[in-house]
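Here's the structure we're looking at; comments come further down.
The chains referred to below are lettered A, B, ... by the order of the sequence lines, with proteins before strands, and numbering in each begins at 1.
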Number of protein chains: 2
Amino acid sequence: MRISELCDVSGVPLPSIKYYLREGLLPPGERTAANQADYGQQHVQRLKLVRALLEVGGLPVATAQRVIQAIDDDELPLTYVFGVAQYAISDGRVFDEVESGAGLETVDDLVDERGWTVSADNPGRFGAARVLDALDSLGHGHIAEYLPQYAEAAETIARADLATLGHHDDRADMAENVVVGTVLGDTLIQSLRRLAQENESNRRYPVGENQ
Amino acid sequence: MRISELCDVSGVPLPSIKYYLREGLLPPGERTAANQADYGQQHVQRLKLVRALLEVGGLPVATAQRVIQAIDDDELPLTYVFGVAQYAISDGRVFDEVESGAGLETVDDLVDERGWTVSADNPGRFGAARVLDALDSLGHGHIAEYLPQYAEAAETIARADLATLGHHDDRADMAENVVVGTVLGDTLIQSLRRLAQENESNRRYPVGENQ
DNA sequence: GCTATCCGATAGTTACACTATCCGTTATGC
DNA sequence: GCATAACGGATAGTGTAACTATCGGATAGC
């Protein structure tokens, strides 16, 4: 199909499709002439993935490009794809200036307590440390007391995450599952947390007893 | 103290402080003359909160302003503060065009199964529906099979969230706890998920067996 | 009294994600 | 066979967000 049809089918504005092509989010169509190219079903699918990562997952374009490259790179082991996807969501905010400090120590203690095996450069390590430091300086350090509960929940989530991979046979599908599960999974978990929060709040403070 | 001292103490660039004052993220100092104002310890504290919401929580400025207003509004019941904080993080991406569809139905079924009591306009309801629809159209609808596990984790998280409130006596502290816990809590949970994912991945596919 | 600093207002900057236009070329309907 | 609509690629422009810089008039403090 031609680019205008791709536009019709996907609902994505044509200038945006051209933009994604320029940025490498979408592979170029097969050239049939100097000014003609042919797009297939895989382009429709890829476009869906791109829009999901951008709109639902909230990734910036440059980051989406990196995770898509990771999916497409057949040489990259799945564990690395996980790493790329994880880096993708922890967009820089995290890495900066968290080199030492009480937060990092608390995180490392937690990792030890739970017997987790993680590498020192896991972005979650710095992200969690950053949050703990911020909570402490804001006078809400007591929230850290509930770290074991949060960690317990994180384990449950991670087990489900890995279990979803069992539904695929080939690497390409699994890699896409990893990326989609990691990126959209974050949004899903946030959403479920909103629902569970309201429910728990209602349970503790039934209507009419609002303070 | 004067604005330049506030800048020194907080480490926030002076032009940024002026910007936050303009945008209402920071209350104006007490005017002592036509071109002089006095800032106190509460300004230092508020500035920390603002930076934490923006940098660690990743909120846009306009949204941070809304949640800070919610904290300061003594008339607003705590349950409403929860609502404002929840809306804050689900920034628009979620509300649009999720009026009906299979995803919403699946979410409502899940809410029923777990016996949750939530209002129809909880942003998490639309956010989760949006993710489920996206997963389905991407051919990863099987991830929805693990919804109960994710919901279980969300319950654990929400229980911890509400438990943190027990450490405060007055409304202002609790309101800030709600906002900080909701906004920074999301970042914390994401980070712990990264760690747990790597650990679970290592458990399932020990080093040397990477495919 | 002189200089550094202040406040408030306005204008400029950077980054991002598009969106629009232009140009030469090619498909397509009559 | 030819007019015209659509195409691909390049370049330029737009809108928003979050700062950042400058300016003008007033004041603090030595």
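Of the possible donor and acceptor atoms, none in the side chain of Ser16(A) sits under 3.5 Å from a partner among the backbone N and O of Val12(A). Formation of a donor-acceptor pair under 3.5 Å by the Asp136(A) side chain with backbone atoms of Leu132(A) is not found in this model. With hydrogens and angles disregarded, no donor-acceptor distance shorter than 3.5 Å links the side chain of Arg193(A) to the backbone of Ala154(B). No donor-acceptor distance shorter than 3.5 angstrom exists from the side chain of Glu198(A) to the backbone of Val118(B), with no hydrogens or angles considered. In this structure, Asn199(A) contributes its side chain and Thr117(B) its backbone to a donor-acceptor pair below 3.5 Å. Under the 3.5 Å distance criterion, the side-chain polar atoms of Thr156(A) are left unmatched by any main-chain donor or acceptor of Ala153(B). Looking at His43(A), its side chain does come within 3.5 Å of a backbone N or O of Pro27(A) through a donor-acceptor pair. A donor-acceptor pair is defined here as one N or O able to donate and one able to accept, closer than 3.5 Å; such a pair exists between the side chain of Asp133(B) and the backbone of Gly103(B). Between the side chain of Tyr146(B) and the main chain of Ala163(A), a donor-acceptor pair closer than 3.5 Å is present.
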Protein N or O to nucleotides 26-30 of chain D N or O, pairs below 3.5 Å:
residue, atom, partner, partner atom, Å
dA26(D), N3, Asn35(B), ND2, 2.7
dT27(D), O4', Asn35(B), OD1, 3.0
dT27(D), O4', Asn35(B), ND2, 2.9

Taking only N/O atoms, report every protein-nucleotides 12-15 of chain D pair under 3.5 Å with atom names and distance.
none

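A side chain to side chain donor-acceptor pair (under 3.5 Å) with Asn177(A) holds for exactly one of Thr164(A), Thr182(A), Asp161(A); it is Thr164(A).
Across all non-hydrogen atoms, the minimal contact from Val56(A) to Arg130(B) is CG2-CG, 4.0 Å. Closest approach of Asp121(B) and Tyr87(B) over heavy atoms only: O-OH, 3.7 Å.
With rounding to whole Å, Asp38(A) atom CG is found 15 Å from dA6(D) atom C1'. Leu59(B) has its CG atom 12 Å from the P atom of dC19(D), to the nearest Å. Whole-Å rounding puts the Ile3(A) CD1 to dA6(D) C1' distance at 11 Å. Computed from coordinates, the Glu55(B) CD to dA17(D) P distance equals 19 Å when rounded to whole Å. If you take NE2 of His43(A) and P of dG8(D), they are 11 Å apart, rounded to a whole angstrom.
Residues from residues 7-19 of chain A lying near DNA chain C, meaning a heavy-atom separation below 4.0 Å, are Pro15(A), Ser16(A), Tyr19(A) in numerical order.
No side-chain heavy atom of Leu192(B) sits less than 4.5 Å from a side-chain heavy atom of Glu155(A).
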- Take His168(A) and His142(B) through the ring-ring contact (aromatic ring centres under 6.0 Å, His included) test and state the conclusion after the steps. CA-CA 10 Å; His168(A) 299 289; His142(B) 61 89; 4.8 Å; yes
- Report the C-alpha distance between Arg2(B) and Asp8(B) in whole Å, list the side-chain angles of each, state the deciding distance to 0.1 Å, and finish with yes or no for salt bridge (Lys or Arg N to Asp or Glu O under 4.0 Å). CA-CA 10 Å; Arg2(B) 288 175 303 182; Asp8(B) 287 345; over 6 Å; no
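As judged by a 4.0 angstrom heavy-atom cut-off over every strand, Leu21(B) is placed among residues making no nucleic acid contact.
Read 5' to 3', the first and last nucleotides of DNA chain C with an atom closer than 4.0 Å to a heavy atom of chain B are dC6(C) to dT10(C).
Taking five base pairs at each end of the helix from dG1(C)-dC30(D) to dC30(C)-dG1(D), the local helix axes there meet at an angle of 10°, rounded to 10°.
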Between side-chain atoms of residues 68-77 of chain B and protein atoms elsewhere (two or more places apart, or another chain), which donor-acceptor pairs fall under 3.5 Å?
residue, atom, partner, partner atom, Å
Asp72(B), OD1, Arg46(B), NH2, 3.0
Asp72(B), OD2, Arg46(B), NH1, 3.1
Asp73(B), OD1, Glu75(B), N, 2.9

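The nucleotide whose nearest atom lies closest to any side-chain atom of Val61(B) is, among dG8(D), dA18(D), dA6(D), dA18(D).
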